[in-house]
Amino acid sequence: MAVPVFRFAPSPNGRLHLGHAYSALLNQRMVEQAGGRLLLRIEDTDQTRCRPEYVAAIFEDLRWLGLTWETPVRIQSEHFADYDANLKRLWDMDAIYPCFCSRKQAAAHALSSSDPDGQPHYGRTCRNLPRDKAIRMIDAGTVHAWRLDMPGHGDVAASVWGDAVIAKRHVGSSYHIAVVTDDALQGVTDVVRGRDMEAATSLHRLLQQLLGLPSPRYVHHGLIFDEDGRKLSKSLRSTALAALRSDGVSALDIRVRLGFGPG
Ligand code: GLU
């Protein structure tokens with residue numbers, strides 16, 4: 001049987017916190033149990049939010065935690081051509097369409113339902129643009145996002161997400177298409193990530209189906225909360241690994257606190 005491939009895929013838009021440590025350590029433990037391989041991937045397609053110093057901090061924090069991973073590490077911002085190629089395939093098969101609506105315009109055309117991120121479902125105005133006109137607008141450099149044509153192709157993802165944006169070209173952000181492309185290119189067999197990503201999985205499965213890519217196994221683990229029961233966020237200093245480290249907390253303390261015990 002082929003060796004299972006896991007990955008930990010943080011976004012460098014802040015310092016890693018206890019929730020990331022839990023996800024990374026759980027991946028590591030499952031890799032050990034399965035006799036698998038662990039990849040680290042830097043998901044920095046959203047260049048408006050990601051910063052190089054956070055990439056260095058991810059390596060530092062994970063090394064301190066005792067995580068080991070294969071090199072070279074895949075940095076998504078170096079591979080936009082791969083994501084564009086898959087976008088083009090989806091466009092050629094008419095599964096996506098460019099949307100030229102501003103946030104305001106999209107809101108004006110919104111349906112009354114909304115997606116798991118709280119964004120109202122888009123009313124599909126741009127789906128009605130003739131293809132040649134859409135191509136002329138793209139060629140003229142008009143800012144656009146790419147949306148999935150859900151009624152034509154969706155299943156369970158359709159009712160959850162509506163015509164989801166899978167790529168925003170003008171900010172170089174293409175999270176959904178990038179994650180699906182990379183999991184396939186890197187031969188990932190097991191995706192272990194937080195429950196906050198669970199809703200996105202139906203979208204990822206749909207993209208895999210449309211692109212003819214294999215679907216990994218998915219495990220969505222529980223989230224780590226702070227002492228007051230709030231979800232951890234990158235803006236909270238108190239649970240950042242670097243802050244805990246400078247307060248004298250050891251990597252072993254963290255492992256024990258998160259239920260991974262010594263060693
Ligand atoms: N890059 C995402 C994040 O940091 C995780 C995506 C994934 O594991 O698929 O939230």
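First listed ligand is number 1; within each ligand, the first listed atom is number 1. The shown structure was predicted, so the numbers you read here are calculated from the model rather than taken from an experiment.
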Less than 4.0 Å is my threshold; does some heavy atom of Arg41 fall inside it relative to ligand 1?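 The answer is no, since Arg41 has no heavy atom less than 4.0 Å from ligand 1.
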Has Phe8 got any heavy atom lying under 4.0 angstrom from an atom of ligand 1?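 No.
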Can you name the atoms of ligand 1, numbered from 1 with element, that are less than 4.0 Å from a heavy atom of [X]?
X      : answer
Val179 : 9 (O)
Ser11  : 1 (N), 2 (C), 3 (C), 4 (O)
Arg193 : 7 (C), 8 (O), 9 (O)
Glu43  : 1 (N), 2 (C), 5 (C), 6 (C)

Mutual orientation of the aromatic rings belonging to His176 and Trp161 [parallel < 30°, tilted 30-60°, perpendicular > 60°]: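 Judged by the thresholds at 30° and 60°, the geometry between His176 and Trp161 is perpendicular.
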Holding to salt bridge (Lys or Arg N to Asp or Glu O under 4.0 Å), I want the full list of residues that pass it with Asp117, two or more places apart in sequence or in another chain.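 Applying salt bridge (Lys or Arg N to Asp or Glu O under 4.0 Å) to Asp117 gives none.
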Tell me whether Lys88 is salt-bridged to Asp92, with the criterion being a basic N under 4.0 Å from an acidic carboxylate O.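 The answer is yes: the pair qualifies as a salt bridge.
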Under the salt bridge (charged side-chain N to carboxylate O under 4.0 Å, His left out) rule, what pairs show up with a residue in residues 179-189, not counting sequence neighbours?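 Those involving residues 179-189 are Arg7-Asp183, Arg41-Asp182, Arg41-Asp183, Arg74-Asp182.
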Around atom CZ of Arg49, are there more than 12 heavy atoms from other residues, nucleotides or ligands closer than 6.0 Å?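 No, because the 6.0 Å sphere around CZ of Arg49 holds 12 heavy atoms or fewer from other groups.
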